[in-house]
2 protein chains.
Amino acid sequence: MLILATAKMDTHQSNRTDIQSDLEGASCCTPVSSPLTERELAVDVRALSAIGNDTRYEALRIVAAAENDVCVCELEPALGVTQGAISQALSRLYGAGLVTRRKDGRWRYYSATPRAERLLDVLDETREVDDE
Amino acid sequence: MLILATAKMDTHQSNRTDIQSDLEGASCCTPVSSPLTERELAVDVRALSAIGNDTRYEALRIVAAAENDVCVCELEPALGVTQGAISQALSRLYGAGLVTRRKDGRWRYYSATPRAERLLDVLDETREVDDE
DNA sequence: TGCTAATATTAGCATAGGCTAATATAAAAC
DNA sequence: GTTTTATATTAGCCTATGCTAATATTAGCA
(Lines give C-alpha, C1' and ligand atoms only; values in the text may rest on other atoms or scores of the structure.)
Protein backbone atom coordinates (compact mmCIF):
# COMPACT_ATOMS: atom_id res chain seq x y z
CA MET A 1 0.00 0.00 0.00
CA LEU A 2 1.04 3.44 -0.63
CA ILE A 3 1.11 6.09 1.93
CA LEU A 4 2.62 9.51 1.85
CA ALA A 5 1.72 12.38 -0.32
CA THR A 6 -1.08 13.55 1.79
CA ALA A 7 -1.58 17.21 2.10
CA LYS A 8 1.72 18.64 1.23
CA MET A 9 1.71 22.18 0.19
CA ASP A 10 3.93 21.49 -2.66
CA THR A 11 2.04 22.81 -5.60
CA HIS A 12 4.06 20.72 -7.93
CA GLN A 13 3.08 17.50 -6.37
CA SER A 14 0.56 15.96 -8.64
CA ASN A 15 -1.92 13.58 -7.24
CA ARG A 16 -1.55 10.88 -9.67
CA THR A 17 -3.82 7.95 -9.25
CA ASP A 18 -1.90 4.83 -9.75
CA ILE A 19 -3.08 2.30 -12.13
CA GLN A 20 -0.38 -0.10 -11.28
CA SER A 21 -2.00 -3.22 -10.09
CA ASP A 22 -3.39 -4.64 -13.25
CA LEU A 23 -0.98 -3.12 -15.60
CA GLU A 24 0.29 -5.56 -18.17
CA GLY A 25 2.74 -7.96 -16.73
CA ALA A 26 5.93 -9.64 -17.60
CA SER A 27 8.00 -6.52 -17.33
CA CYS A 28 9.95 -5.52 -14.31
CA CYS A 29 7.48 -3.14 -12.85
CA THR A 30 6.16 -4.33 -9.58
CA PRO A 31 5.36 -1.25 -7.56
CA VAL A 32 6.84 -0.92 -4.13
CA SER A 33 6.21 1.43 -1.31
CA SER A 34 8.37 3.15 1.17
CA PRO A 35 9.27 1.15 4.25
CA LEU A 36 8.98 4.15 6.57
CA THR A 37 6.06 6.14 7.84
CA GLU A 38 5.53 9.67 6.74
CA ARG A 39 6.62 11.00 10.10
CA GLU A 40 9.77 8.97 10.21
CA LEU A 41 10.62 10.15 6.75
CA ALA A 42 10.10 13.73 7.77
CA VAL A 43 12.33 13.42 10.80
CA ASP A 44 15.12 11.86 8.81
CA VAL A 45 14.90 14.27 5.93
CA ARG A 46 14.97 17.17 8.33
CA ALA A 47 18.19 15.86 9.80
CA LEU A 48 19.79 15.02 6.50
CA SER A 49 18.96 18.27 4.82
CA ALA A 50 20.27 20.08 7.86
CA ILE A 51 23.66 18.41 7.52
CA GLY A 52 23.66 18.62 3.77
CA ASN A 53 25.07 22.09 3.55
CA ASP A 54 28.66 23.24 3.70
CA THR A 55 28.29 25.68 6.51
CA ARG A 56 26.17 23.48 8.72
CA TYR A 57 28.13 20.34 8.04
CA GLU A 58 31.35 22.02 8.92
CA ALA A 59 29.80 23.53 12.00
CA LEU A 60 28.60 20.15 13.11
CA ARG A 61 31.99 18.63 12.45
CA ILE A 62 33.65 21.19 14.64
CA VAL A 63 31.13 20.79 17.39
CA ALA A 64 31.44 17.03 17.28
CA ALA A 65 35.22 17.10 17.21
CA ALA A 66 35.50 19.35 20.22
CA GLU A 67 36.12 17.70 23.50
CA ASN A 68 33.92 20.07 25.38
CA ASP A 69 31.01 21.88 23.98
CA VAL A 70 31.52 24.81 21.71
CA CYS A 71 30.11 28.27 21.72
CA VAL A 72 29.00 30.16 18.68
CA CYS A 73 31.86 32.56 18.71
CA GLU A 74 34.34 29.76 18.31
CA LEU A 75 32.83 28.82 15.01
CA GLU A 76 32.83 32.21 13.45
CA PRO A 77 36.45 32.30 12.32
CA ALA A 78 36.37 28.77 10.97
CA LEU A 79 33.20 29.05 8.98
CA GLY A 80 33.79 32.34 7.24
CA VAL A 81 30.23 33.55 7.43
CA THR A 82 28.63 36.15 9.61
CA GLN A 83 27.51 35.63 13.15
CA GLY A 84 23.90 35.71 12.12
CA ALA A 85 24.44 32.94 9.62
CA ILE A 86 26.10 30.78 12.25
CA SER A 87 23.29 31.32 14.63
CA GLN A 88 20.85 30.27 11.97
CA ALA A 89 22.94 27.23 11.17
CA LEU A 90 23.09 26.05 14.76
CA SER A 91 19.40 26.63 15.24
CA ARG A 92 18.66 24.43 12.32
CA LEU A 93 20.98 21.72 13.55
CA TYR A 94 19.27 21.94 16.89
CA GLY A 95 15.83 21.67 15.37
CA ALA A 96 17.01 18.64 13.45
CA GLY A 97 18.12 16.87 16.61
CA LEU A 98 21.79 16.97 15.78
CA VAL A 99 23.07 19.22 18.51
CA THR A 100 22.05 20.04 22.03
CA ARG A 101 22.48 23.43 23.50
CA ARG A 102 22.97 24.80 26.94
CA LYS A 103 23.03 28.32 28.11
CA ASP A 104 25.71 29.63 30.38
CA GLY A 105 25.69 33.29 31.08
CA ARG A 106 25.68 35.03 27.79
CA TRP A 107 27.11 32.05 26.01
CA ARG A 108 25.43 29.19 24.34
CA TYR A 109 27.31 25.93 24.30
CA TYR A 110 26.57 23.36 21.68
CA SER A 111 27.46 19.71 21.47
CA ALA A 112 26.62 16.91 19.10
CA THR A 113 23.89 14.41 19.82
CA PRO A 114 24.47 10.67 19.62
CA ARG A 115 22.59 10.63 16.36
CA ALA A 116 24.93 13.18 14.87
CA GLU A 117 27.97 11.38 16.14
CA ARG A 118 26.91 8.07 14.72
CA LEU A 119 26.18 9.62 11.36
CA LEU A 120 29.53 11.34 11.26
CA ASP A 121 31.26 8.11 12.19
CA VAL A 122 29.61 6.27 9.34
CA LEU A 123 30.53 9.04 6.96
CA ASP A 124 34.14 8.73 8.02
CA GLU A 125 34.14 4.99 7.76
CA THR A 126 32.58 4.77 4.33
CA ARG A 127 33.95 7.77 2.51
CA GLU A 128 35.67 7.30 -0.81
CA VAL A 129 37.23 10.46 -2.06
CA ASP A 130 37.66 10.27 -5.78
CA ASP A 131 40.51 12.24 -7.18
CA GLU A 132 38.52 13.14 -10.22
CA MET B 1 35.49 27.24 -0.34
CA LEU B 2 36.74 26.58 3.03
CA ILE B 3 38.47 29.03 5.19
CA LEU B 4 40.48 27.53 7.90
CA ALA B 5 40.86 29.32 11.09
CA THR B 6 43.59 31.78 10.93
CA ALA B 7 44.93 32.68 14.24
CA LYS B 8 42.40 35.28 14.95
CA MET B 9 42.94 35.85 18.52
CA ASP B 10 42.10 37.82 21.45
CA THR B 11 38.99 39.75 21.95
CA HIS B 12 39.33 37.43 24.80
CA GLN B 13 42.02 35.40 26.21
CA SER B 14 41.72 31.75 26.52
CA ASN B 15 43.91 28.82 26.84
CA ARG B 16 41.56 25.98 26.89
CA THR B 17 42.57 23.63 24.22
CA ASP B 18 42.10 20.37 25.89
CA ILE B 19 41.28 20.98 29.47
CA GLN B 20 37.70 20.29 30.08
CA SER B 21 37.30 20.95 33.72
CA ASP B 22 36.92 24.66 33.87
CA LEU B 23 35.09 26.68 31.43
CA GLU B 24 33.30 29.32 33.24
CA GLY B 25 35.54 32.10 34.16
CA ALA B 26 36.77 34.07 31.28
CA SER B 27 35.67 33.88 27.72
CA CYS B 28 34.97 30.99 25.49
CA CYS B 29 36.35 32.06 22.20
CA THR B 30 39.13 29.87 20.98
CA PRO B 31 38.88 29.52 17.26
CA VAL B 32 38.73 26.02 15.90
CA SER B 33 38.94 24.61 12.46
CA SER B 34 37.22 21.87 10.63
CA PRO B 35 38.68 18.43 11.09
CA LEU B 36 38.11 17.44 7.47
CA THR B 37 39.69 18.46 4.22
CA GLU B 38 37.81 20.49 1.72
CA ARG B 39 37.43 17.53 -0.56
CA GLU B 40 36.16 15.23 2.14
CA LEU B 41 33.65 17.85 3.13
CA ALA B 42 32.48 18.19 -0.44
CA VAL B 43 32.01 14.45 -0.84
CA ASP B 44 30.02 14.17 2.34
CA VAL B 45 27.86 17.18 1.70
CA ARG B 46 27.08 15.92 -1.75
CA ALA B 47 25.87 12.66 -0.27
CA LEU B 48 23.94 14.26 2.55
CA SER B 49 22.22 16.84 0.44
CA ALA B 50 21.31 14.13 -2.01
CA ILE B 51 19.50 12.16 0.68
CA GLY B 52 18.08 15.24 2.29
CA ASN B 53 15.03 15.48 0.10
CA ASP B 54 11.72 13.70 0.35
CA THR B 55 11.68 12.21 -3.09
CA ARG B 56 15.26 11.06 -3.11
CA TYR B 57 15.22 9.79 0.44
CA GLU B 58 12.17 7.72 -0.21
CA ALA B 59 13.62 6.46 -3.45
CA LEU B 60 16.76 5.42 -1.66
CA ARG B 61 14.76 3.72 1.06
CA ILE B 62 12.87 1.68 -1.46
CA VAL B 63 15.97 0.74 -3.35
CA ALA B 64 17.73 -0.24 -0.15
CA ALA B 65 14.78 -2.23 1.14
CA ALA B 66 14.40 -4.25 -2.01
CA GLU B 67 15.91 -7.67 -2.05
CA ASN B 68 17.08 -7.42 -5.59
CA ASP B 69 17.82 -4.26 -7.40
CA VAL B 70 15.05 -2.01 -8.50
CA CYS B 71 14.26 -0.43 -11.81
CA VAL B 72 13.04 3.08 -12.28
CA CYS B 73 9.54 2.10 -13.22
CA GLU B 74 9.02 0.41 -9.88
CA LEU B 75 9.52 3.66 -8.09
CA GLU B 76 7.13 5.72 -10.08
CA PRO B 77 3.90 4.72 -8.34
CA ALA B 78 5.39 4.97 -4.87
CA LEU B 79 6.96 8.36 -5.26
CA GLY B 80 4.15 10.24 -6.88
CA VAL B 81 6.28 12.28 -9.21
CA THR B 82 6.86 12.00 -12.90
CA GLN B 83 9.26 9.63 -14.55
CA GLY B 84 11.58 12.48 -15.37
CA ALA B 85 11.78 13.52 -11.77
CA ILE B 86 12.61 10.00 -10.70
CA SER B 87 15.33 9.74 -13.26
CA GLN B 88 16.80 12.96 -11.98
CA ALA B 89 16.56 11.73 -8.41
CA LEU B 90 18.35 8.49 -9.14
CA SER B 91 21.02 10.26 -11.12
CA ARG B 92 21.75 12.48 -8.22
CA LEU B 93 21.87 9.57 -5.80
CA TYR B 94 24.24 7.86 -8.17
CA GLY B 95 26.47 10.90 -8.43
CA ALA B 96 26.54 11.05 -4.67
CA GLY B 97 27.77 7.49 -4.35
CA LEU B 98 24.62 6.18 -2.75
CA VAL B 99 23.38 3.83 -5.42
CA THR B 100 24.98 1.77 -8.13
CA ARG B 101 23.33 1.16 -11.44
CA ARG B 102 23.44 -1.56 -13.99
CA LYS B 103 21.94 -1.68 -17.38
CA ASP B 104 19.99 -4.65 -18.58
CA GLY B 105 18.32 -4.34 -21.92
CA ARG B 106 16.20 -1.31 -21.74
CA TRP B 107 16.06 -1.34 -17.97
CA ARG B 108 18.28 0.26 -15.44
CA TYR B 109 18.58 -1.51 -12.13
CA TYR B 110 19.61 0.37 -9.05
CA SER B 111 20.81 -0.81 -5.70
CA ALA B 112 22.13 0.87 -2.61
CA THR B 113 25.83 1.16 -1.88
CA PRO B 114 27.33 0.12 1.43
CA ARG B 115 27.64 3.76 2.36
CA ALA B 116 23.95 4.29 1.84
CA GLU B 117 23.04 1.18 3.75
CA ARG B 118 25.14 2.12 6.72
CA LEU B 119 23.68 5.59 6.82
CA LEU B 120 20.15 4.27 6.66
CA ASP B 121 20.89 1.81 9.43
CA VAL B 122 22.15 4.54 11.69
CA LEU B 123 19.12 6.65 10.92
CA ASP B 124 16.90 3.76 11.92
CA GLU B 125 18.83 3.06 15.06
CA THR B 126 18.95 6.61 16.32
CA ARG B 127 15.66 8.07 15.25
CA GLU B 128 13.42 9.69 17.81
CA VAL B 129 10.08 10.62 16.42
CA ASP B 130 8.62 13.38 18.49
CA ASP B 131 4.87 13.64 18.62
CA GLU B 132 5.18 17.36 18.40
C1' DT C 1 21.00 52.36 35.75
C1' DG C 2 23.39 52.44 31.71
C1' DC C 3 26.94 49.98 28.54
C1' DT C 4 28.88 46.17 26.22
C1' DA C 5 29.36 41.42 24.67
C1' DA C 6 27.08 37.14 22.94
C1' DT C 7 23.52 35.42 20.49
C1' DA C 8 18.92 35.59 18.08
C1' DT C 9 15.79 37.37 14.78
C1' DT C 10 14.28 39.71 10.62
C1' DA C 11 13.93 41.60 5.86
C1' DG C 12 15.56 41.35 1.57
C1' DC C 13 18.07 39.65 -2.11
C1' DA C 14 20.48 36.37 -5.22
C1' DT C 15 20.85 31.78 -6.34
C1' DA C 16 19.95 26.88 -6.03
C1' DG C 17 16.58 23.29 -6.07
C1' DG C 18 12.66 20.36 -7.60
C1' DC C 19 9.10 19.74 -10.33
C1' DT C 20 6.43 19.27 -14.96
C1' DA C 21 6.08 18.87 -19.74
C1' DA C 22 8.24 18.10 -23.70
C1' DT C 23 11.67 16.00 -26.17
C1' DA C 24 15.65 12.88 -26.96
C1' DT C 25 18.03 8.54 -26.79
C1' DA C 26 18.41 3.51 -26.66
C1' DA C 27 17.13 -1.03 -27.10
C1' DA C 28 13.87 -4.54 -28.05
C1' DA C 29 9.85 -5.97 -30.95
C1' DC C 30 7.37 -5.92 -35.06
C1' DG D 1 13.18 -0.11 -41.58
C1' DT D 2 9.13 1.53 -37.97
C1' DT D 3 7.09 1.20 -33.50
C1' DT D 4 7.13 0.61 -28.68
C1' DT D 5 9.05 0.69 -24.18
C1' DA D 6 12.28 2.34 -20.59
C1' DT D 7 15.01 5.86 -19.30
C1' DA D 8 17.57 10.35 -19.84
C1' DT D 9 17.83 15.19 -20.81
C1' DT D 10 16.26 19.91 -21.29
C1' DA D 11 13.81 24.36 -20.67
C1' DG D 12 11.17 26.88 -17.80
C1' DC D 13 8.57 28.01 -13.86
C1' DC D 14 8.16 28.49 -8.90
C1' DT D 15 9.63 27.91 -4.43
C1' DA D 16 13.09 27.20 -1.03
C1' DT D 17 17.52 28.25 0.64
C1' DG D 18 21.47 30.78 2.50
C1' DC D 19 23.56 34.64 2.98
C1' DT D 20 24.30 39.73 4.61
C1' DA D 21 23.09 43.72 7.05
C1' DA D 22 20.49 45.56 10.33
C1' DT D 23 18.11 45.24 14.49
C1' DA D 24 16.48 42.93 18.78
C1' DT D 25 17.23 40.38 22.87
C1' DT D 26 19.66 38.82 26.85
C1' DA D 27 23.01 38.79 30.48
C1' DG D 28 26.96 40.37 32.82
C1' DC D 29 29.57 44.52 34.20
C1' DA D 30 30.67 49.70 35.13
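Here is how names work: the chains are called A, B, and so on, in the same order as the sequence lines, proteins then strands, and each is numbered from 1. Predicted model only: the values in this text are computed from it and were never measured. Computation of the quantities below employed the complete heavy-atom set of this structure, encompassing side-chain atoms and omitting hydrogens, waters and symmetry-equivalent molecules.
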| Distance in angstrom units between A/L79 CG and D/dG18 C1', rounded |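 Value for this atom pair: 13 Å.
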
| said: Whole angstroms only, please: what is the OH-P distance between B/Y94 and D/dT7? | reply: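 To the nearest whole Å, that distance equals 16 Å.
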
According to side-chain hydrogen bond (donor to acceptor under 3.5 Å, both in side chains), who are the partners of [X], at least two apart in sequence or on a separate chain?
| X | value |
| --- | --- |
| B/E40 | B/T37 |
| A/T126 | B/R115 |
| A/E128 | none |

Scan nucleotides 8-15 of chain C against the protein and return all N/O pairs shorter than 3.5 Å with their distances rounded to 0.1 Å.
{"unit_1": "C/dA8", "atom_1": "OP1", "unit_2": "A/R108", "atom_2": "NH1", "d": "2.7"}
{"unit_1": "C/dA8", "atom_1": "OP1", "unit_2": "A/Y110", "atom_2": "OH", "d": "3.0"}
{"unit_1": "C/dA8", "atom_1": "OP2", "unit_2": "A/S87", "atom_2": "OG", "d": "2.8"}
{"unit_1": "C/dA8", "atom_1": "O5'", "unit_2": "A/S87", "atom_2": "OG", "d": "3.4"}
{"unit_1": "C/dA8", "atom_1": "N7", "unit_2": "A/Q83", "atom_2": "NE2", "d": "2.8"}
{"unit_1": "C/dA8", "atom_1": "N6", "unit_2": "A/Q83", "atom_2": "OE1", "d": "3.1"}
{"unit_1": "C/dT10", "atom_1": "O4", "unit_2": "A/Q88", "atom_2": "NE2", "d": "3.0"}

| query | Once each nucleotide of nucleotides 24-30 of chain C is scored for protein heavy atoms under 4.0 Å, what B/S/- sequence comes out, 5' to 3'? | reply | --SSSS-

The criterion is side-chain contact (heavy atoms from CB on, under 4.5 Å); which residues satisfy it with [X], sequence neighbours excluded?
| X | value |
| --- | --- |
| B/A89 | B/T55, B/R56 |
| B/S49 | B/R92 |
| A/S91 | A/R101 |

| Among side-chain atoms of B/T100 and B/S111, is any donor-acceptor pair under 3.5 angstrom? |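 B/S111 and B/T100 do have a side-chain donor-acceptor pair below 3.5 Å.
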
| Results of salt bridge (charged side-chain N to carboxylate O under 4.0 Å, His left out) for B/R127 - residues two or more places apart only |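 Partners of B/R127 under the salt bridge (charged side-chain N to carboxylate O under 4.0 Å, His left out) test: A/D44, B/D124.
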
